[in-house]
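Here the structure comes first, spelled out in structure tokens, and everything after it is commentary.
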Number of protein chains: 2
Amino acid sequence: MTNIHDIARLSGYSVSTVSRVINHQKYVADEKRAKVEAIMRQLDYVPNRVARDLSNGQTKTIGVVMPYANHPYFARIIDGLVSAAFAAGYKITLLPTNYDLTIERRYLDQLRSKAYDALIFTSRSSSLETLEKYRKYGQIVLCEDPGDDRPLAAAYTDREASYVNALQWAQHHGFNSMGVVLSRNNIISASTRVTRSAYQQVYGKLDSRNLFVGAVTYEDGYRAGEYFAQLQPGVDAVFTNGDDIGAGVQQYYLDHRLAPIPTIGQENLLSSRLLKFSTIDHHLEALGTAAFKLATGQTTTHELIKSEFIRR
Amino acid sequence: MTNIHDIARLSGYSVSTVSRVINHQKYVADEKRAKVEAIMRQLDYVPNRVARDLSNGQTKTIGVVMPYANHPYFARIIDGLVSAAFAAGYKITLLPTNYDLTIERRYLDQLRSKAYDALIFTSRSSSLETLEKYRKYGQIVLCEDPGDDRPLAAAYTDREASYVNALQWAQHHGFNSMGVVLSRNNIISASTRVTRSAYQQVYGKLDSRNLFVGAVTYEDGYRAGEYFAQLQPGVDAVFTNGDDIGAGVQQYYLDHRLAPIPTIGQENLLSSRLLKFSTIDHHLEALGTAAFKLATGQTTTHELIKSEFIRR
DNA sequence: GCTTGACCTGGGACCGGTTTCATAACTTAA
DNA sequence: TTAAGTTATGAAACCGGTCCCAGGTCAAGC
């Protein structure tokens with residue numbers, strides 16, 4: 001493999017000069033610049049990325065921590081992230097956790113080892129305190145509202161407002177007993193906290209009988225549908241944590257020839273369009289883009305993305 | 001930032017010894033190993049990833065070239081890829097191209113610069129000749145059948161067999177005029193080539209009037225549906241290049257109160273389940289896993305994944 | 001007693017770049 | 001005429017690791 005020293009030797013100039021040519025710096029005589037460039041072309045030389053990264057102390061790479069790679073919620077965020085990173089000449093590395101604390105810790109240590117310039121947590125299991133501890137090793141961006149006075153950067157959607165808005169709309173349409181589907185029943189999960197809070201504001205205390213926990217996929221939603229269909233007294237609508245899950249709920253009712261159950265989904269995916277139920281679009285691509293800008297320090301420390309309630 | 005020299009100095013031993021401790025090599029006295037480990041813990045030391053990569057001449061990172069990040073076809077491949085990479089201690093970096101040749105070339109040059117150990121092309125615009133030229137800089141894996149005697153590694157599904165199988169099934173059910181939807185009408189696109197070939201085998205020459213090109217999303221599929229609905233003489237079924245596109249076709253017919261049009265999709269996504277049309281599952285996660293193994297040289301140079309026709 | 005081999009250790013080259021600094025020539029302004 | 005600034009260049013330190021090799025100790029085998 002040919003390196004910068006080879007180019008220097010063959011051109012007769014110093015490594016410094018070659019480096020200047022590579023980086024398009026001034027203070028290189030035109031004639032020497034031309035000769036060095038010619039030799040680089042001739043030898044088919046490309047500077048070693050890793051060596052430059054070591055010397056520069058940065059990798060222009062951002063690690064994106066997420067529980068699962070193939071989930072529409074994260075896929076949409078990643079989409080925005082990848083576009084923004086591409087435009088800025090950054091690379092995105094995918095870091096799956098399956099919500100495992102040990103694995104999250106491993107990625108934090110990789111940040112410490114300078115493998116990434118920044119870490120974006122699209123979701124997390126670690127405590128805020130843990131994340132803050134690692135802040136000094138690189139930028140850390142959250143995709144949730146960490147609350148006041150937290151030193152971590154964060155991009156998030158106005159979930160609470162949009163949830164309240166959607167639930168009020170449902171209540172106004174006469175749905176008085178609302179089922180709720182969540183992924184994790186966990187204080188660490190921002191979406192869980194916010195859903196509970198919004199429900200509380202509109203419907204009052206959430207009876208745990210009206211709650212189905214542990215839904216991530218369509219199949220989970222189908223099981224949630226089964227749960228609600230058999231519930232006595234039943235619910236007359238369901239608020240779900242995702243369109244595909246909502247689709248599962250509806251499909252259960254459909255398959256069992258029950259009266260259709262009004263459903264509110266999230267993410268505005270194809271499934272809610274096909275089944276024509278209302279949904280909340282959190283504009284997750286924009287969330288990803290905002291998170292990227294925070295990660296590279298282009299923006300202030302907090303960024304709010306407006307969510308949109310889509311009535312169907 | 002504390003480095004290996006600090007640890008060496010503070011422990012009173014040499015850098016070599018510290019390095020041995022870090023890498024759990026033998027030939028270090030127990031007492032020294034213990035002391036070095038204590039000091040590393042105390043100083044909260046983590047070896048610099050980039051420096052190790054430079055010295056080792058590898059990054060344990062694999063670049064995944066794909067046209068769009070947020071498309072279910074690529075998302076499923078990436079899912080398999082990320083899981084396999086995680087299990088093997090590798091990192092996956094996403095490289096979007098939007099099918100731009102210049103951008104693909106940029107990624108090939110990054111392979112040359114040793115930024116990645118290998119490159120996986122989930123789809124491509126570059127010619128095979130171009131890719132082969134870069135082979136010497138690192139492993140290059142294709143997600144299509146490159147044909148005989150090509151020096152590139154490849155993981156692919158038995159598309160042709162599954163297409164022929166699906167089309168024969170359709171013909172057997174009395175569908176004699178079959179519409180076809182493609183993404184790109186391009187010899188470089190393996191899926192286009194194979195679709196044409198399979199169609200030829202079952203239905204004979206493909207009349208371009210029965211062909212709709214340029215479909216990637218649901219909306220594109222909807223437009224394809226409009227096209228076929230107005231076609232005279234019409235088609236009595238449609239073979240599409242993806243479930244979401246198939247869903248678009250069906251939805252157009254539904255929205256316009258036309259008789260439902262039998263559709264064959266691909267990828268076995270939620271949309272084909274909800275709308276209950278047949279599809280071909282290419283087991284793309286397995287494809288991703290296989291591609292990863294090829295990229296790291298764990299497997300031979302070609303890997304065939306069986307596709308599955310799902311009748312609905 | 002001497003060879004052999006396993007165990008242990010540190011110096012220093014090496015991976016491939018960037019950057020600081022010293023030096024020098026050549027302008028320009030006072 | 002001289003001080004100050006601009007342009008141009010290379011030596012060498014530096015980023016933070018890995019690893020080869022030379023040198024030393026010590027016990028087993030003959």
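First the proteins, then the strands, lettered A, B, ... as listed; each starts at 1. Everything quoted here is computed from the prediction, not taken from an experiment.
Applying the 4.0 Å criterion to OP1 and OP2 of C:dG17, one finds that A:S55 has every side-chain N and O outside that range. Taking side-chain N and O atoms only, A:Y27 has no distance below 4.0 Å to OP1 or OP2 of D:dA8. Under 4.0 angstrom from either OP1 or OP2 of C:dC8 there lies no side-chain N or O belonging to B:K26. Taking side-chain N and O atoms only, A:K32 has a distance below 4.0 Å to OP1 or OP2 of D:dT9.
Regarding B:I4, its CD1 atom lies at a distance of 8 Å from the C1' atom of D:dT18, rounded to whole Å. Rounded to whole Å, the distance from NE2 on A:H5 to P on D:dA11 is 11 Å.
Using a 4.0 Å cut-off on heavy atoms, the residues of residues 35-54 of chain A that approach DNA chain C are A:Y45, A:V46, A:P47, A:N48, A:A51, A:R52, A:L54, listed by number. The stretch residues 16-25 of chain A touches DNA chain D through A:S16, A:T17, A:R20, each having a heavy atom within less than 4.0 Å of the strand.
Taking 4.5 Å as the limit, some side-chain heavy atom of B:Y156 sits within range of a side-chain heavy atom of B:H302.
Heavy-atom contacts from other residues, nucleotides or ligands closer than 6.0 Å to CG of A:D30 number 12 or fewer. No more than 12 heavy atoms of other residues, nucleotides or ligands shown are found within 6.0 angstrom of CZ on B:R105.
Each of A:V21, A:I39, A:T17, A:I22 was scored for a side chain to side chain contact (heavy atoms under 4.5 Å, CB included) with A:I7, with one residue passing: A:I39.
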